Amino acid sequence: LTVVEGWKSKLTYNDTEYGSAFHRFVSTWRQTGDEWEGISAAMAYFAKAAKTYTIRDKKDYLTREHLHATCQDYALRYANDEFKTLRLGDKALVEQKFCIPYFQDDHVEILLEGTIDDVCKNPRGCYAIRDYKTTAVGDVNGYLKGYELSTQLMFYYKAVKWYATQYPDSILADFAATNFACFIDGVFLRGSAKPVEFIRSDMLFYDRAKTEE
């Protein structure tokens, strides 16, 4: 029922919606260039979600006020970030949804779908896929190191490579022609009494052989 029919529970939790609201903040900010517009988008999303979500145990501190402060602090922390979101005309390459064919026979068709948070580049020429994670885990190094073998990031790598071959004149083809990286911008939630930590992972590089494995 879940995989084939697409059924899902209507029950959501505040920490999950908090993460979704933060994603709404950064994508809107990158798109408009206005951090306050991004914060407004996040607050509106979270306020709407609050009508139906359930508060997860020990996560009652994740309030609208906490979200507002987190967004502001992130904007301040990365105000002069060297990784700039790529743009195609007037559109920032954020929340890039993809759908690529994987397998098909007489009975079934399998498509690989996902959403890449951010496609970016630094002035020294390094292209990268940026993924945002909000989490309350305590082991920062262990959490970020776990993404070295992340199938999620390899999946994104594979998707970009596929689009580059299908659309050789696109901006993604230029992107894929480089030895591009993937990295995590971690938002580590520390409860109501401690400030949020913003920690970026190392640059992670994959190759086609590894993703095919």
Side-chain angles (χ1 to χ4, degrees), residues 12-88 90-97 114-123 128-141 143-144 146-147 150 152-153 156 181-203:
T12 61
Y13 290 94
N14 66 318
D15 57 339
T16 304
E17 296 292 7
Y18 185 102
S20 296
F22 181 81
H23 276 74
R24 187 66 59 90
F25 154 66
V26 286
S27 63
T28 303
W29 177 26
R30 305 298 186 200
Q31 190 65 255
T32 65
D34 186 337
E35 69 181 82
W36 294 108
E37 190 168 341
I39 291 174
S40 294
M43 300 301 287
Y45 176 93
F46 201 53
K48 183 178 180 179
K51 297 177 181 178
T52 56
Y53 68 49
T54 297
I55 297 178
R56 202 184 296 272
D57 186 37
K58 298 181 180 179
K59 299 294 177 65
D60 57 329
Y61 68 91
L62 296 177
T63 61
R64 295 180 72 249
E65 292 75 19
H66 191 280
L67 173 65
H68 193 285
T70 297
C71 294
Q72 277 190 283
D73 291 347
Y74 180 89
L76 180 63
R77 171 70 174 79
Y78 290 110
N80 298 311
D81 188 10
E82 64 176 356
F83 277 95
K84 306 297 184 184
T85 302
L86 292 179
R87 304 188 73 88
L88 185 58
D90 60 354
K91 180 177 176 58
L93 298 186
V94 294
E95 298 293 314
Q96 295 296 290
K97 300 183 184 299
T115 304
I116 297 174
D117 288 346
D118 189 284
V119 179
C120 55
K121 181 180 183 292
N122 74 25
I129 292 172
R130 169 168 34 203
D131 195 68
Y132 302 100
K133 299 293 184 188
T134 57
T135 179
V137 300
D139 182 6
V140 172
N141 291 333
Y143 178 82
L144 294 178
Y147 282 97
S150 167
Q152 178 191 5
L153 296 182
Y156 292 168
C182 299
F183 67 91
I184 301 294
D185 263 359
V187 180
F188 293 88
L189 308 172
R190 298 307 185 208
S192 59
K194 296 181 180 179
V196 174
E197 291 185 274
F198 304 106
I199 302 174
R200 178 168 291 174
S201 74
D202 293 334
M203 297 295 110

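Note that the structure is predicted; figures quoted are calculated from it, not measured.
The side chain to side chain donor-acceptor pair (under 3.5 Å) test applied to T63 returns E65, not counting sequence neighbours. For T134, the side chain to side chain contact (heavy atoms under 4.5 Å, CB included) partners at least two apart in sequence or on another chain are F22, V187.
Scanning both residues, E37 and T28, for their nearest heavy atoms gives O-CG2, 3.8 Å. Heavy atoms only, all atoms of each residue included: R64 and A47 are closest at NE-CB, 3.8 Å. When every heavy atom of Y156 is checked against every heavy atom of T115, the shortest pair comes out as OH-O, 2.9 Å. When all heavy atoms of A92 and R87 are compared, the pair lying nearest together is CB-NH1, 3.5 Å. S20 approaches Y45 most closely through the heavy-atom pair CB-OH, 3.4 Å.
With a 4.5 Å cut-off on side-chain heavy atoms, Q31 and E95 do not count as touching. T85 is listed as a side-chain neighbour of R130, based on a closest heavy-atom distance under 4.5 Å. Side-chain contact between Y78 and D185 is present, with at least one heavy-atom pair separated by less than 4.5 Å. At least one side-chain heavy atom of L144 sits under 4.5 Å from a side-chain heavy atom of F188. By the 4.5 Å heavy-atom criterion applied to side chains, L189 and L62 are counted as neighbours.
Using the six-membered ring where Trp is involved, Y74 and Y132 have ring planes that are perpendicular, over 60° apart on the 30 and 60° scheme. Ring planes of F83 and F183: tilted class, angle from 30 to 60°.
Atom CZ of R30 sits about 10.5 Å away from atom CD of E35, to the nearest 0.5 Å. W36 CH2 to C71 SG: the interatomic distance, rounded to the nearest 0.5 Å, is 10.0 Å. With rounding to the nearest 0.5 angstrom, the CG atom of D117 is 13.0 Å from the CG atom of L93. Distance check: K59 NZ to Y18 OH gives 11.0 Å after rounding to the nearest 0.5 Å. Atoms NZ and OH, on K133 and Y147 in that order, are 4.0 Å from each other to the nearest 0.5 Å. In this structure, the separation between CD1 on I184 and CE on M203 is 10.0 Å, given to the nearest 0.5 Å.
More than 12 non-hydrogen atoms from other residues, nucleotides or ligands lie less than 6.0 angstrom from NZ of K84. Atom CG of D202 sits in a sparse spot, with 12 or fewer heavy atoms from other residues, nucleotides or ligands closer than 6.0 Å.
Between the side chain of S27 and the backbone N or O of R24, at least one donor-acceptor pair lies under 3.5 Å. Put simply, the side chain of Q96 gets close to the backbone of V94: a donor and an acceptor are under 3.5 Å apart. A donor-acceptor contact shorter than 3.5 Å is absent between the side chain of N14 and the backbone of A50.
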Check against side chain to side chain contact (heavy atoms under 4.5 Å, CB included), T16 and Y53: CA-CA 9 Å; T16 304; Y53 68 49; over 6 Å; no

Evaluation steps, side chain to side chain contact (heavy atoms under 4.5 Å, CB included), between H66 and V196: CA-CA 9 Å; H66 191 280; V196 174; 3.7 Å; yes

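R77 forms no cation-pi arrangement with F198, by the criterion of a distance under 6.0 Å to the ring centre and an angle within 45° of the ring axis.
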